2 protein chains.
Amino acid sequence: MTQPMHSMPAVDQVSDDTLRRLAGYNLKRAFNVIHADLGEVLAPLDLRMLTFSALTLIADNNGLTQTQLAEALAIKRPNLVVIVDELEGRGLILRNPVPNDRRAHALSATLPGRRLRDRALAAVLAHEARILAVLDPQERLALEQALIRIRGTA
Amino acid sequence: MTQPMHSMPAVDQVSDDTLRRLAGYNLKRAFNVIHADLGEVLAPLDLRMLTFSALTLIADNNGLTQTQLAEALAIKRPNLVVIVDELEGRGLILRNPVPNDRRAHALSATLPGRRLRDRALAAVLAHEARILAVLDPQERLALEQALIRIRGTA
DNA sequence: TATTGTTATACTCTATAACTATA
DNA sequence: TATAGTTATAGAGTATAACAATA
């Protein structure tokens, strides 16, 4: 049964109490804050969180395949193709042939790719330090461990 | 300068070490885990995290306007329109006129809306208990406080 | 002039199904 | 048969610009 529509005054103060008790909601809000700020930090380097993560994993794991990279990033392989296309098109990475398996691509970072990765990482670390300044070292560690624990449940 | 492309063996083990130290990355991964699970929990009720959050805020704040709701959800007003349209179209909420301001809509939950909200909240709390079972109460509290602190920096 | 809700639009992230070429 | 990469496609979340109605 639906109530009749009637005129009502707007509220003065909006209460968040129910949602604030939900870790999922708090996680989303905190992530959005970090993601938006990180986006601004990486934009001058023409990177996003996802392309930065992919470039970093490639630079740190010379020769990994797209399947391995998709797995490491926790995204589906079809979604990785455009990411790899973009990084390759900018000359930051290479799709190398793999001996004895002509289906696979072994990804490697070029020198410009590694240089951009280093610059981006420095910017990201500065961003993290700035955002996490509201937490003391102990809280930071507790946060990291809790997040990795939750991630591990997938 | 770009290296020549050459054949290379695939790696056996992919290292995550650089990204694992970044709160933003851990936050994203943990959120994706929770979001995916929550999606499955809410799907039978034809709700998503965002529609559930909107319905909850409306039920808890009878008469709030769309501007207030968008602010509370931390989304832009244009993105709220389809959410409110959907909830209203399903008879879960009403757009009521506001006395002395014919521009604004005072949102209210109908009885079916409040009932669905209650069922959804019970499902969400069960989901949270299941996901957060990997954390002890102290870790849970530390996580909540850290997330709210980060959110507050926006 | 400013605000509320709205439309139009675009970008990003994510997912599934189905194809190809190899294995 | 199975796997690696790819294409096509769709759903969802987010953002900005600009408009009409109203304040």
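The analysis underlying the following values was restricted to heavy atoms, covering all of them including side chains, and did not include hydrogens, waters or symmetry mates. The sequence lines fix the lettering, A, B, ..., with proteins before strands; numbering per chain opens at 1. Since the structure is predicted, the reported quantities are computational estimates derived from the model, not experimental observations.
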**Student:** Regarding A:D37 and B:R151, does a basic nitrogen lie under 4.0 Å from an acidic carboxylate oxygen?
**Tutor:**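 B:R151 and A:D37: not salt-bridged.
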**Student:** Without decimals, in angstroms, what is the distance between B:L38 CG and D:dG13 C1'?
**Tutor:**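 Spelled out: CG on B:L38 to C1' on D:dG13 is 15 Å.
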**Student:** Under a 4.0 Å N-O cut-off, is there an ion pair linking A:E86 with A:R90?
**Tutor:**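 Salt bridge flag = yes for A:R90 with A:E86.
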**Student:** Whole-Å distance between C:dC11 C1' and A:L42 CG?
**Tutor:**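 After rounding, the gap between these two atoms is 16 Å.
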**Student:** Kindly give the heavy-atom pair with the smallest separation between A:V11 and B:Q68, and that separation in Å.
**Tutor:**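 Closest pair (atom of A:V11, atom of B:Q68, distance): O-NE2, 2.8 Å.
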**Student:** B:E40 has an atom CD; how far is it from atom P of C:dT14, in whole Å?
**Tutor:**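 Rounded to the whole Å, the gap is 16 Å.
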**Student:** Hey, could you give me each pair passing salt bridge (charged side-chain N to carboxylate O under 4.0 Å, His left out) that has a residue in residues 50-73 of chain B? Not counting sequence neighbours.
**Tutor:**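 Listed by first then second residue: B:D60-B:R117.
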**Student:** From CD1 of A:I83 over to P of D:dG5, roughly how many Å is that when rounded to an integer?
**Tutor:**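 Computing the A:I83:CD1 to D:dG5:P distance gives 15 Å.
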**Student:** Please tell me whether B:N96 and B:H105 have a donor and an acceptor in their side chains that are separated by less than 3.5 angstrom.
**Tutor:**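 Result is no, nothing qualifies.
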**Student:** D:dA17 C1' sits how many Å from B:R77 CZ, rounded?
**Tutor:**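 Rounded to whole Å, this separation is 13 Å.
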**Student:** Is there a donor-acceptor contact under 3.5 Å from the side chain of A:R149 to the main chain of B:L135?
**Tutor:**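 Answer holds: no.
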**Student:** Measure the distance from CD1 on B:I75 to C1' on C:dT12 and round it to the nearest whole Å.
**Tutor:**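 B:I75 atom CD1 is separated from C:dT12 atom C1' by 16 Å.
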**Student:** Enumerate the side-chain hydrogen bond (donor to acceptor under 3.5 Å, both in side chains) contacts for residues 27-36 of chain A, please, sequence neighbours excluded, ordered by first and then second residue.
**Tutor:**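 Residue pairs passing side-chain hydrogen bond (donor to acceptor under 3.5 Å, both in side chains), neighbours aside: A:Y25-A:R29.
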**Student:** Got a salt bridge between A:D85 and A:R95, using NZ or NE/NH1/NH2 to carboxylate O under 4.0 Å?
**Tutor:**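 Salt bridge present between A:D85 and A:R95.
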**Student:** Between B:S53 and B:L73, what is the shortest heavy-atom contact and its length?
**Tutor:**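 Closest pair (atom of B:S53, atom of B:L73, distance): CB-CD2, 3.6 Å.
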**Student:** Do you know the tightest heavy-atom contact between B:T65 and B:A104?
**Tutor:**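 For B:T65 versus B:A104, the nearest heavy atoms are CG2-CB, 4.3 Å.
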**Student:** Mind running a 4.0 Å heavy-atom check of residues 14-29 of chain A against DNA chain C and sending the residues that fall below it, in number order?
**Tutor:**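 Of all residues in residues 14-29 of chain A, none places a heavy atom under 4.0 Å from DNA chain C.
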**Student:** How does protein contact run along nucleotides 18-23 of chain D, one letter per nucleotide 5' to 3', with B for base contact, S for sugar-phosphate only, - for none, heavy atoms under 4.0 Å?
**Tutor:** ---BBS
**Student:** Taking the nucleotide of DNA chain D with the closest heavy atom to each, which residue, A:N32 or A:A106, is nearer the 5' end?
**Tutor:**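 Its nearest nucleotide being more 5', the pick is A:A106.
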**Student:** Return the value, rounded to whole Å, for the distance between atom CD1 of A:I34 and atom C1' of C:dC13.
**Tutor:**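 Distance, rounded to whole Å: 18 Å.
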**Student:** Which protein N or O atoms sit under 3.5 Å from an N or O of nucleotides 9-12 of chain D?
**Tutor:**
none

**Student:** What's the CZ-P distance between A:F52 and C:dT12, to the nearest Å?
**Tutor:**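 Taking CZ of A:F52 and P of C:dT12, I get 18 Å after rounding.
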**Student:** Counting only side-chain N and O atoms of B:R95, is one of them less than 4.0 Å from OP1 or OP2 of C:dT6?
**Tutor:**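 So the side-chain polar atoms of B:R95 do come within 4.0 Å of the phosphate oxygens OP1 or OP2 of C:dT6, strictly under.
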**Student:** Any side-chain to backbone donor/acceptor pair from A:T56 onto A:F52? Under 3.5 Å, distance only.
**Tutor:**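 Yes.
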**Student:** Could you tell me whether the side chain of A:N61 and the main chain of B:V14 form a donor-acceptor pair under 3.5 Å?
**Tutor:**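 A pair under 3.5 Å: no.
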**Student:** Of A:T51 and A:K76, whose closest DNA chain C nucleotide lies nearer the 5' terminus?
**Tutor:**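 Looking at the nearest nucleotide for each, A:T51 comes out on the 5' side.
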**Student:** Would you say B:N100 has more than 12 foreign heavy atoms packed within less than 6.0 Å of its CG?
**Tutor:**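 At most 12 heavy atoms, drawn from other residues, nucleotides or ligands, come within 6.0 Å of this atom.
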**Student:** Need one value for B:L80: base, sugar-phosphate or nothing, where a base atom within 4.0 Å counts as base even if backbone is also close, heavy atoms only.
**Tutor:**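 The residue B:L80 makes no contact with any strand.
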**Student:** So which of residues 64-72 of chain B are in contact with DNA chain C, with a heavy-atom cut-off of under 4.0 Å?
**Tutor:**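 Nucleic-acid contacts, sorted: B:T65, B:Q66, B:T67.
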**Student:** So, does B:E128 use its side chain to make a donor-acceptor pair with the main chain of A:A23 at under 3.5 Å?
**Tutor:**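 Present.
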